[in-house]
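Here's the structure, in structure tokens; my notes come after.
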Amino acid sequence: MVELFWLLLPVAAFSGWFIARRGQGGGARPGRQEPLRGDYFQGLNYLLNEQPDKAIEVFTRMVEVDSDTVETHLALGNLFRRRGEVDRAIRIHQNLIARPSLNREQRTQALLELGEDFLRAGLLDRAENLFQEVVETGNFVPQALQHLLDIYQQEKEWDNAILVAARLESNSEQSMAPRVAQFYCEQVDRAWREGEVNRARSLIKRALTADPGCVRASILQGDIERSVGNYKQALKCYQRVREQDRDYLPEVLVGLHESYTQLGRPDGYRAFLEDVSRDYRGASVILALAERIRHDHGEDAAAGFLVDQLRARPSVRGLNRLIELNLSRAEQAGGADLEVLRELFHALLRDKPGYSCRNCGFSARTLHWQCPSCRKWATIKPIQGVEGE
């Protein structure tokens, strides 16, 4: 009840301002001012006596008195939608649209608000139709296109999303290229799952044309080429990630290792890791390099390498691997203690998320290209720091 009181105060204040303006000669009509003023004070009385439903009825009736109070009507609808009372918001906006006294811009704004009501209620088809109608009027076009884009993303209608994104870019100053590339990548995923490799390749080219810096497109391209045995091309795709966004390098290490191995170039993989480690401080690269050193020179060399790296780059994952290497070496008196430490570190790492959203802070154990929380694209990356990369 208290919450509704505070939400209705702006409406009451606006109504009072409007009455005052009319009383100062702002276009009052004979016989209209006193009823309007009486309704206003009656609405305030209901509001102060904690009878918000009756207050709402009065303020709504005041809106119907004169078309100049359209903004009050819209404000009431917005208040209801914010409170989750979408049915009431819909009724108010529908009533407003039905009034013949509205000018073109006012009616379009009411259509936009009604579309937002339907969107909030989950009635996507009805919302879509209204937003399309708004776009056709030429008013509030960017807002309507943004809502259409949200709908098509929810419904995974990527072709429509791409078309709307292009229109939104031409009607606003924001670049939609990175998002369009993600839409193409969604289509790539679907085509690849359905066995349409050539179509997937074609869509990847479109994604990279839209946004040459799209890491996801490069990773997908590498995975597809590797799946069909085209390891040379896969290598080029995975290596491109380093230039696009090195934060995603951990996502391609498995693919790089398999591709180098299948091409008979294990030394090339180690050379790549050594080169990358000079300017990328992530634990995944260091651990992969330690594994190559263990394979080539044994566990003592790998352990020594990790000790040096941990002094310069502290890492929980690196320390855990060092404990594992020491456990697998010769029998020693401290082996039981190391086993306890390994189990503790395993438990610690098992409960830690590996990824976080740079926009809203959402954390996850797997990589999402669209954040489930804030719905932004390509904002989730591997966590950096001692407990992450």
Side-chain angles (χ1 to χ4, degrees), residues 178 181-182 184-209 211-296 302 315 317-318 321 349 353-355 364-370 377-378 380-384 388-389:
Q182 293 293 332
Y184 279 123
C185 287
E186 290 290 329
Q187 293 182 315
V188 171
D189 269 334
R190 182 184 302 172
W192 190 19
R193 288 195 305 269
E194 294 173 355
E196 300 179 16
V197 174
N198 289 333
R199 171 170 165 74
R201 285 170 168 158
S202 176
L203 291 167
I204 286 173
K205 290 181 180 178
R206 295 182 188 180
L208 290 171
T209 299
D211 178 18
C214 182
V215 172
R216 184 184 181 186
S218 294
I219 295 175
L220 280 170
Q221 190 175 26
D223 290 344
I224 290 173
E225 297 303 332
R226 180 163 57 98
S227 71
V228 298
N230 191 358
Y231 297 107
K232 186 175 181 180
Q233 182 62 31
L235 273 184
K236 292 180 180 179
C237 300
Y238 292 138
Q239 290 169 346
R240 192 191 304 140
V241 172
R242 180 182 182 184
E243 305 302 325
Q244 293 172 320
D245 191 336
R246 66 187 61 187
D247 286 343
Y248 288 100
L249 275 172
E251 307 305 312
V252 299
L253 292 180
V254 172
L256 281 165
H257 178 257
E258 181 181 340
S259 298
Y260 273 114
T261 301
Q262 292 295 330
L263 291 170
R265 297 172 52 195
D267 291 342
Y269 179 55
R270 177 170 174 174
F272 176 84
L273 293 173
E274 290 174 341
D275 187 37
V276 168
S277 67
R278 295 187 180 97
D279 54 20
Y280 178 75
R281 300 179 64 83
S284 294
V285 169
I286 298 305
L287 292 175
L289 187 52
E291 183 59 24
R292 291 310 307 166
I293 293 173
R294 186 196 66 79
H295 180 272
D296 295 339
S315 165
R317 292 170 60 199
R321 181 56 181 148
L349 293 172
Y355 303 87
R365 294 182 56 81
T366 58
L367 176 61
H368 299 269
W369 289 106
Q370 184 181 30
W377 289 93
I380 293 184
K381 294 184 176 183
I383 292 175
Q384 303 295 319
E389 283 294 312

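On a predicted model such as this, the values are computed, not experimentally measured, just so you know. Heavy atoms only: backbone and side chains are in, while hydrogens, waters and symmetry mates are out.
Rounding to the nearest 0.5 Å places CG of Leu256 at 10.0 Å from OG1 of Thr261. Summarising the geometry, atom CD belonging to Glu291 is positioned 13.5 Å from atom CD1 belonging to Ile286; distances are rounded to the nearest 0.5 Å. Between the CH2 atom of Trp369 and the CD atom of Glu186 there is a distance of 11.0 Å, given to the nearest 0.5 Å. Expressed to the nearest 0.5 Å, how far CD1 of Ile224 lies from CG of Leu203 amounts to 9.0 Å. The distance from the CG atom of Leu289 to the CZ atom of Phe272 is 11.5 Å, given to the nearest 0.5 Å. How far CG of Asp296 is from CZ of Arg270: 5.0 Å, rounded to the nearest 0.5 Å.
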Assess whether side-chain contact (heavy atoms from CB on, under 4.5 Å) is satisfied between Glu251 and Val241, documenting all intermediate values. CA-CA 9 Å; Glu251 307 305 312; Val241 172; over 6 Å; no

Give the intermediate values and the outcome of side-chain contact (heavy atoms from CB on, under 4.5 Å) for residues Arg240 and Gln221. CA-CA 11 Å; Arg240 192 191 304 140; Gln221 190 175 26; 3.1 Å; yes

Audit row: Glu225, Lys232, side-chain contact (heavy atoms from CB on, under 4.5 Å) steps and yes/no: CA-CA 8 Å; Glu225 297 303 332; Lys232 186 175 181 180; over 6 Å; no

I would like to know whether Ser227 and Trp192 meet side-chain contact (heavy atoms from CB on, under 4.5 Å); could you show each step before the answer? CA-CA 10 Å; Ser227 71; Trp192 190 19; 3.8 Å; yes

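Side-chain contact between Leu367 and Tyr248 is present, with at least one heavy-atom pair separated by less than 4.5 Å. By the 4.5 Å heavy-atom criterion applied to side chains, Val252 and Arg242 are not counted as neighbours. Between Glu258 and Tyr231 there is a side-chain heavy-atom pair separated by less than 4.5 Å.
Taking the charged nitrogens against the carboxylate oxygens, Asp223 and Arg226 do have a contact shorter than 4.0 Å, which makes a salt bridge. Salt-bridge formation is detected for the pair Arg216/Asp189: a Lys NZ or Arg NE/NH1/NH2 atom is positioned less than 4.0 Å from an Asp or Glu carboxylate oxygen. Using a cutoff of 4.0 Å between basic side-chain nitrogens and carboxylate oxygens, Glu196 and Arg190 are not scored as salt-bridged. A salt bridge is absent between Arg278 and Glu274: the closest approach of a Lys/Arg side-chain nitrogen to an acidic carboxylate oxygen does not fall below 4.0 angstrom.
A side-chain donor-acceptor contact under 3.5 Å links Gln244 to the backbone of Pro212. Formation of a donor-acceptor pair under 3.5 Å by the Tyr238 side chain with backbone atoms of Gly222 is found in this model.
By the side chain to side chain donor-acceptor pair (under 3.5 Å) test, Trp377 is found to be paired with Gln153, residues two or more places apart in sequence or in another chain being considered.
A pairwise comparison of heavy atoms in Ile204 and Leu220 identifies CD1-C, 4.0 Å as the closest pair. For the residue pair Ile383 and Tyr355, the shortest heavy atom distance occurs at CG1-C, 3.6 Å. Residue Arg246 comes nearest to Asp279 through the heavy atom pair NH1-O, 3.1 Å, listed as atom of the first residue, atom of the second, then distance. Nearest heavy atoms, Ala302 versus Arg294: CB-CB, 3.6 Å. Across every non-hydrogen atom of Asp245 and Val215, the tightest pair is CB-CG2, 3.5 Å. Nearest heavy-atom pair across Cys237 and Ser218 is CB-O, 3.5 Å.
Aromatic ring orientation, His257 versus Tyr269: perpendicular (interplanar angle above 60°, classes split at 30° and 60°).
Side-chain contact check for Arg265 and Ser259: no donor-acceptor pair (N or O, by modelled atom type) lies under 3.5 Å. For the 3.5 Å distance criterion, the side chains of Gln187 and Arg206 fail to qualify, holding no donor opposite an acceptor.
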